[in-house]
Amino acid sequence: MNILAFGAHPDDVEEMCFGTLMKYRAQGDTIFIALSTSGNIGSNCHASREEIAAIREKEQLQAAAPLEAKVKFLRFDDEELRDTPETRNAFLNAIRWANPDVILTHSPADTSTDHAATSKLITEVLLVVGAKLVPTAEPPMNKMPALFFWDIPGGFKFEPQVYVDITPMMEQKLAAIACHQSQMAWMEGFLKDEYLDSMRAQSRFRGYQCGCHYAEGFIAFQALGFVADYRLLPR
Ligand SMILES: [Zn+2]
């Protein structure tokens, strides 16, 4: 299968579904990562948005290396993602680029504007992934992907319907998150958040809920004709 993890910022994918992606990879699936924004205000330690964006793309490619993932940067501005004809076209094109069987993304209930907008844009364009009368650089798809929403940072307002046991992958997940050095400096210096510790805690809590040590939780997108099949998540 082709698996597309579609996040708003560099580091979102590692935080919320890296263990699940490792499992997909181990069963022979191909991993694609698309990121809607450059995360280019996500640090006060650099002089310009361009400088931060370049650093974060490099960090993202490092983090994605164990997945042998193909990575696409849409490069919209951080904190400014909106539903426009331009963003719709870019999202549709990115989905068609990956030609996915499964898409993983943010929950529309996420309090981050970019996270919620990314989720919403995906659900908005899903109907037309196969429509030739909505052209993009990539050709229309001839299948309909399943869509799952991943957890919300801190776990607020998110009750997983299904869990993936990532216990064997937990240290690799933390190593991937640690590739985002610019974010660790920002979180720990400015927000006083012990970044890796918090990430471990969220996976531990989801594991505690479902009876294993570490887990990632998901909710299936449910709309008429688009109900994702839980069996498409790795075991
Ligand atoms: Zn984010």
Side-chain angles (χ1 to χ4, degrees), residues 4-21 31-46 49 51-64 67 69 71-83 87 90-91 94-95 103-123 147-158 160 173-203 205-206 216-219:
L4 171 61
F6 206 141
H9 311 112
D11 76 3
D12 291 335
V13 167
E14 287 69 33
E15 290 177 7
M16 294 304 159
C17 71
F18 192 85
T20 301
L21 293 179
I31 312 299
F32 296 80
I33 294 174
L35 296 170
S36 53
T37 85
S38 296
N40 52 351
I41 60 169
S43 171
N44 272 357
C45 310
H46 302 284
R49 289 183 175 211
E51 193 181 320
I52 300 170
I55 289 167
R56 298 197 69 182
E57 286 195 8
K58 209 169 136 204
E59 291 171 344
Q60 181 61 59
L61 293 174
Q62 262 181 352
L67 300 168
V71 184
K72 190 177 195 64
F73 298 102
L74 273 59
R75 300 189 173 120
F76 290 102
D77 273 330
D78 201 359
E79 299 296 331
E80 292 176 21
L81 194 66
R82 301 288 181 271
D83 185 349
T87 53
F91 270 65
I95 293 171
I103 303 174
L104 308 176
T105 191
H106 300 278
S107 161
D110 199 301
T111 48
S112 156
T113 308
D114 289 341
H115 292 185
T118 295
S119 181
K120 193 78 180 119
L121 276 158
I122 290 170
T123 60
L147 172 62
F148 293 96
F149 302 125
W150 61 54
D151 211 340
I152 292 177
F156 295 109
K157 296 180 184 170
F158 192 91
K173 170 173 172 151
L174 289 176
I177 295 170
C179 290
H180 298 280
Q181 284 291 324
S182 66
Q183 295 314 286
M184 291 178 71
W186 168 250
M187 298 283 184
E188 292 177 7
F190 182 68
L191 298 174
K192 308 297 178 204
D193 179 29
E194 292 175 37
Y195 189 37
L196 292 181
D197 210 37
S198 305
M199 294 298 111
R200 185 187 290 278
Q202 186 154 355
S203 296
F205 177 62
R206 294 310 186 193
E216 288 168 342
F218 297 90
I219 291 176

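Order of listing sets the numbers, starting from 1, for every ligand and every atom in it. What you see is a predicted model, and the numbers here were worked out from it, not measured in a lab.
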>> Any side-chain to backbone donor/acceptor pair from Q202 onto I152? Under 3.5 Å, distance only.
In response: yes

> Under 3.5 Å, side chain of E216 to main-chain N/O of F18, donor-acceptor pair present?
Replying inline: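 Yes.
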
>> Ring-plane angle category for H9 and H115, please: parallel below 30°, perpendicular beyond 60°, tilted otherwise.
In response: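 Aromatic pair H9/H115 classed tilted.
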
>> Is it the case that atom NZ in K72 sees more than 12 heavy atoms from other parts of the structure closer than 6.0 Å?
In response: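 Atom NZ in K72 is packed in, count exceeds 12.
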
>> Using a distance threshold of 2.8 Å, state whether an N, O or S atom of H106 lies below it from the Zn ion (ligand 1).
In response: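 Not a single backbone or side-chain N, O or S atom of H106 is under 2.8 Å from the Zn ion (ligand 1).
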
>> Would you say the Zn ion (ligand 1) has D12 as a near neighbour, meaning an N/O/S atom of that residue under 2.8 Å away?
In response: yes

> In H9, which N, O or S atom comes closest to the Zn ion (ligand 1)?
Replying inline: ND1

